[in-house]
Protein chains: 2
Amino acid sequence: MKLSTKGRYAITAMMELALRHKQGPVTLADISVEQSISVSYLEQLFAQLRKHGLVTGLRGPGGGYCLRRPASEISVADILRAVDESLEAVAHPVSTEAAQAEQRGESLMLWDQLSQQIYAYLDSISLAQAVTSKDGKLVAGALQRSAA
Amino acid sequence: MKLSTKGRYAITAMMELALRHKQGPVTLADISVEQSISVSYLEQLFAQLRKHGLVTGLRGPGGGYCLRRPASEISVADILRAVDESLEAVAHPVSTEAAQAEQRGESLMLWDQLSQQIYAYLDSISLAQAVTSKDGKLVAGALQRSAA
DNA sequence: CTATTCTTGACTAATTTGGTCAAGTTATAA
DNA sequence: TTATAACTTGACCAAATTAGTCAAGAATAG
């Protein structure tokens, strides 16, 4: 469990995609301007998002990125998992779940408990929800821009 | 909003305190062994936790750290705020909240929305809850150790 | 009462990790 | 074939983490 600036950037970028999906592919240059991050860094993030099947990339002029699934079917936790992936790739060849539980200090089980709670919560928030404010409207500035 | 390994260490360390508070002060050396972090780093963390009034230090033999408030009155978010404090200290002399909202790209407002949600959730989880599993018992290994 | 040991408290420096960016490469539409 | 924008790789910089030193308070042994 981890929620750093990297995760934040990924989430806000995905929010941007969710808001603009009507107007076709969104270019990284646009997001770069919007969030004042470098395109290079966005490329790194989207490489991982693409690898995890959250977005699709369209090359060439008029290209950009789109959500692969509808925004209501992508959770905030999905995005974090895609971007943070630190342990998935690393091979855990032999050790079983139980063996790991033994090895790791029991104090870490405390964290796992809590971590699971938080992740469950973040899994309950969809990208569609995140983009929508409490009273059901899109957030102010973003709405204006997407309607322009 | 930020939840990195630093925050995790602080939280698990506080959990340890919550579990052992019956046996009096907990020494940093103990926690260091338990979680395999350096004592030096723990000292840094606890310096901040103490500054924010979450723990009290008792010197001398038999000394250590205790929770200042009962575990049920300390939220997980409290701990994160204490340890992460990056912006509190930095002076925001003139700019009002509204002015900041103008300046920051509107896409960041999306994040703030979500960030508030997450923090609200973490504020709803007390240290006491975090240490207790769903069926109301203390977590396995930790319970055994605290009873030994 | 003095010495010794345990532990916080306040530093500083070294190291490792992760975040950030720059430049070059390939695919695709016009 | 030319411009656009996704891909790929490598390097740099800042923050997290470890390591270590020194002082001072507090209980205990002698």
From the list D:dT8, C:dT12, D:dG25, which nucleotide is the closest neighbour of the side chain of B:Q44?
-> C:dT12
Is there a donor on the side chain of A:T27 or the base of D:dA5 sitting less than 3.5 Å from an acceptor on the other?
-> no
Within the modelled atom types, does a donor on one side and an acceptor on the other bring the side chain of B:R59 and the base of C:dT8 under 3.5 Å apart?
-> yes
In terms of the nearest nucleotide of DNA chain D, which residue is placed more toward the 5' end: B:S4 or A:G63?
-> A:G63
CG of A:L3 versus P of D:dA16: gap in Å, rounded?
-> 14 Å
Mind calculating the distance between CZ (B:F46) and C1' (C:dA10) to the nearest angstrom?
-> 17 Å
Contact under 4.0 Å: B:Y65 side-chain N or O vs C:dG9 OP1/OP2 = yes
Could you give the CD1-to-P distance, from B:I31 to C:dT7, as a whole number of Å?
-> 12 Å
Under 3.5 Å donor-acceptor, A:S36 side chain and A:V33 backbone | no
So, the side chain of A:E34 versus the backbone of A:E16: is there a donor-acceptor pair under 3.5 Å, distance only?
-> no
Let me know the distance between CG of B:L49 and P of C:dG9, rounded to the nearest Å.
-> 11 Å
Between A:S75 (side chain) and A:S126 (backbone), is there a donor-acceptor pair under 3.5 Å?
-> no
Between D:dT9 atom C1' and A:Y41 atom OH, what is the distance in whole Å?
-> 16 Å
Separation of A:D84 atom CG from C:dG18 atom P, in whole Å?
-> 10 Å
Check every atom of C:dG9, D:dA6, C:dC21 against the side chain of A:I37 and return the nucleotide holding the closest atom.
-> C:dC21
Take the protein atom CG of B:L45 and the nucleotide atom P of D:dA16, then report the distance between them rounded to whole Å.
-> 11 Å
So, are A:D123 and A:R81 salt-bridged, with charged N and O less than 4.0 Å apart?
-> yes
Separation of D:dA16 atom P from B:L80 atom CG, nearest Å, is 13 Å
Which residue lies toward the 5' end of DNA chain C, B:A29 or A:K6, if each is placed at its nearest nucleotide?
-> B:A29
Side-chain-base donor-acceptor pair under 3.5 Å for B:E43 and D:dT18 = no
Any N/O donor-acceptor pair, B:S38 side-chain to D:dA19 base, under 3.5 Å | no
Could one point to a donor on the side chain of B:S40 or the base of D:dG20 with an acceptor on the other under 3.5 Å away?
-> yes
Nearest atoms (heavy-atom pairs only) where B:W111 meets A:M15 | N-SD, 4.4 Å
Listed nucleotide nearest any side-chain atom of B:Y9, set C:dT8, D:dT18, D:dA26 | D:dT18
